[in-house]
A.B. asks: 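This is the structure, below, for whatever I ask next.
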Amino acid sequence: MRTVFEGSVRVAYSQMYVDSRVQGAAIEGDHRAGQANGLCGAAVEGFLFLVTGMHTGSVGLTIEVHDGPPAVDGRWEEVVEAPFTPRTRTVRLAQWGDADACEFELDPVDHRVRYCAVGMDEAGAHGVVSIGEPPVDRYLLQFWPAPVEPDRVVGQTSDEAAYWHRVARDRPPPPTPRERAAAARAAREEEARARAERIREYELREWAGRLPTERLRRVGGNVHGMRMLDVHLVHAIARVDDGTQREIARWAAHRAYALAGLADVDWIAPALAALHAGLPLPAPFDDSGELWRRLLEDPNVPRTTITLPNGTTHNALQQAFALPALLGAAEPDSLQAALDALCAAAYAHGTDHRAFLDEVRDTWPGLGVVPPAPPESPPPPSPFLPPSADASGDTVSGRRTPATEARPTASAPDPKAPAAPPGHRPPTTPPVAAPTARRPSGKGVASLFPASGPRPRPAGAASSMDRVRMVLVARSSDRPAAAEPAAVDGLAGVPNQGVDPDGDGEEEPHDVG
């Protein structure tokens, strides 16, 4: 036997504690739940809640550690026993307010603890012991290794102890391990159900009141860019077979290239032929850096400007928006190919994009008529954000560019733009990202690959989403020169949309798109 503490302990609210958990840890659960005794609460693992007769002041306490069960000393009026398993080897005797009175060591194995008291009724009547006064009630804690057994009352004489024993016995027993496991499982299932409901509500809102197919959820590429242009057409294309999707992709790429004057360029025509033959795209379509360099530096490539579908950017380089259509049409997944090619072609049509998308329906009547969203469902949010308030210039390679070189921000809508169809909600202005590429010497054409150089790809492996840029054309007295490109993740001008079903400003991971 060894005595690890003998002296006075300050108590408040008739409480002191033995704690082997992380210091400052909160008590989880009722410390007396399911017990027969109310003096030594041991229902929380690694923690003992000890009750004293004295409300506020000093009590006498002795703590002993034994190798086996000691004999019960008949001088103690109250004797209770309970199981105790330390969580760590270091055990603290804590006073009210978490001030430690002492520390001692116990092996982290199952123990039995005996709590003995004398003078509880006198201390309860006394109420408060001032500093300097001798203790009225005294206590003994004895620990020894022993298997876990229920707590018990060995002896009881005082009214104070009888009261606390009744309090403990009125408490419901703690849940069994099986009940705790069932409760935890039910909580997980409820969280999964609530999460699924949040995702469902988000999808109904974003997909015009109609849940997307599982394939549409998983498809990559610019599915959300196309969804923002014509969500009903996206639903329709997702329902047709792979062969029809592939036909739509090739048709859209051909229309985009014919519209932008790219179909007859000598190094582009072979790629269109390879697409229709189902072959890998030839160079330079297998290297995005070289592809964009050729597009902007080849004098045989036309330079025409369009007003983007947002109706506010009037000098976008049409060829730069048409170019991803062919890369998209070559995607291995036929649904992604159709959506990527259509999205690029629609942007290449600028403010005529709705007439182009109507032509898709006319060309493939099998797409059917998709009913509009329910009236209570809000329309899909605009893919565009308000323009930057700073229209004086951009920062290029760490320097300030003059306002004449900066990209234009918001301006008046194009008076020549066709009227929007009934129920159409026109998007607002897209953000213009600060350019990051450096301007090379020469004809003033922007460099479209990073400083580290292009990333080679296997033949046919270039992605329609690989470093697609917005290219704006500056005014010039002879040949228009392309301004610095802005790298955009997704089709130029269509930022990626994050998913926030909870509405708390943070994206929540899920399997949409």
Side-chain angles (χ1 to χ4, degrees), residues 220-222 225 249-250 252-254 256-258 260-303 316-333 336-337 339-341 343-345 347-348 397 433 435-473 481-494 496:
N222 207 24
R250 292 168 179 166
H254 182 80
Y257 275 50
L262 299 176
D264 297 327
V265 177
D266 56 356
W267 54 272
I268 293 179
L272 282 172
L275 175 70
H276 285 277
L279 300 174
L281 301 183
F285 285 82
D286 58 345
D287 185 329
S288 63
E290 180 61 23
L291 175 62
W292 285 96
R293 187 208 304 272
R294 292 282 293 274
L295 178 77
L296 293 183
E297 294 186 357
D298 186 349
N300 295 319
V301 173
R303 296 287 190 275
L317 182 61
Q318 186 177 43
Q319 289 69 29
F321 284 86
L323 186 68
L326 179 53
L327 297 173
E331 287 289 340
D333 185 295
Q336 179 180 340
L339 298 179
D340 280 5
C343 193
Y347 269 81
S397 301
T436 56
R438 294 175 293 181
R439 185 188 301 279
S441 60
K443 301 178 182 180
V445 179
S447 171
L448 291 180
F449 54 89
S452 58
R455 295 179 296 171
R457 291 179 180 270
S463 167
S464 63
M465 305 307 295
D466 185 14
R467 296 186 175 276
V468 178
R469 275 94 171 164
M470 174 186 289
V471 181
L472 303 179
V473 180
E484 292 286 355
V488 180
D489 292 331
L491 185 66
V494 183
N496 293 332

A.B. asks: In Å and rounded to the nearest 0.5 Å, what is the OH to CG distance from Y257 to L272?
C.D. replies: 6.5 Å
A.B. asks: So how far is it from Q319 CD to D298 CG, rounded to the nearest 0.5 Å?
C.D. replies: 11.5 Å
A.B. asks: Under the side-chain contact (heavy atoms from CB on, under 4.5 Å) test against L327, which residue among L291, D286, D340 passes?
C.D. replies: L291
A.B. asks: Between P302 and G261, which heavy-atom pair has the shortest distance, and what is it?
C.D. replies: CG-O, 3.3 Å
A.B. asks: Would you give the length of the straight line joining atom CG of L295 to atom CG of L262, rounded to the nearest 0.5 angstrom?
C.D. replies: 6.5 Å
A.B. asks: Do you know the tightest heavy-atom contact between R303 and E297?
C.D. replies: NH2-N, 3.8 Å
A.B. asks: Any idea which heavy atoms bring A344 and P324 closest together, and the distance?
C.D. replies: CB-C, 4.0 Å
A.B. asks: With rounding to the nearest 0.5 angstrom, report the CG to CH2 distance, L323 to W292.
C.D. replies: 5.0 Å
A.B. asks: Quick one: does any side-chain atom of Q318 pair with a main-chain N or O of A260 as donor and acceptor, under 3.5 Å?
C.D. replies: no
A.B. asks: If you look at every heavy atom in L281 and A271, which pair is closest and at what distance?
C.D. replies: CD2-O, 3.7 Å
A.B. asks: Please find the pair of heavy atoms, one from A263 and one from A269, that lie closest to each other, and give the distance.
C.D. replies: O-CB, 3.5 Å
A.B. asks: Please give me the minimum heavy-atom distance between A329 and A249, naming the atom from each residue.
C.D. replies: CB-O, 3.5 Å
A.B. asks: Taking the inter-plane angle between the rings of F321 and Y347 on a 0 to 90° scale, is it parallel (under 30°), tilted (30 to 60°) or perpendicular (over 60°)?
C.D. replies: parallel
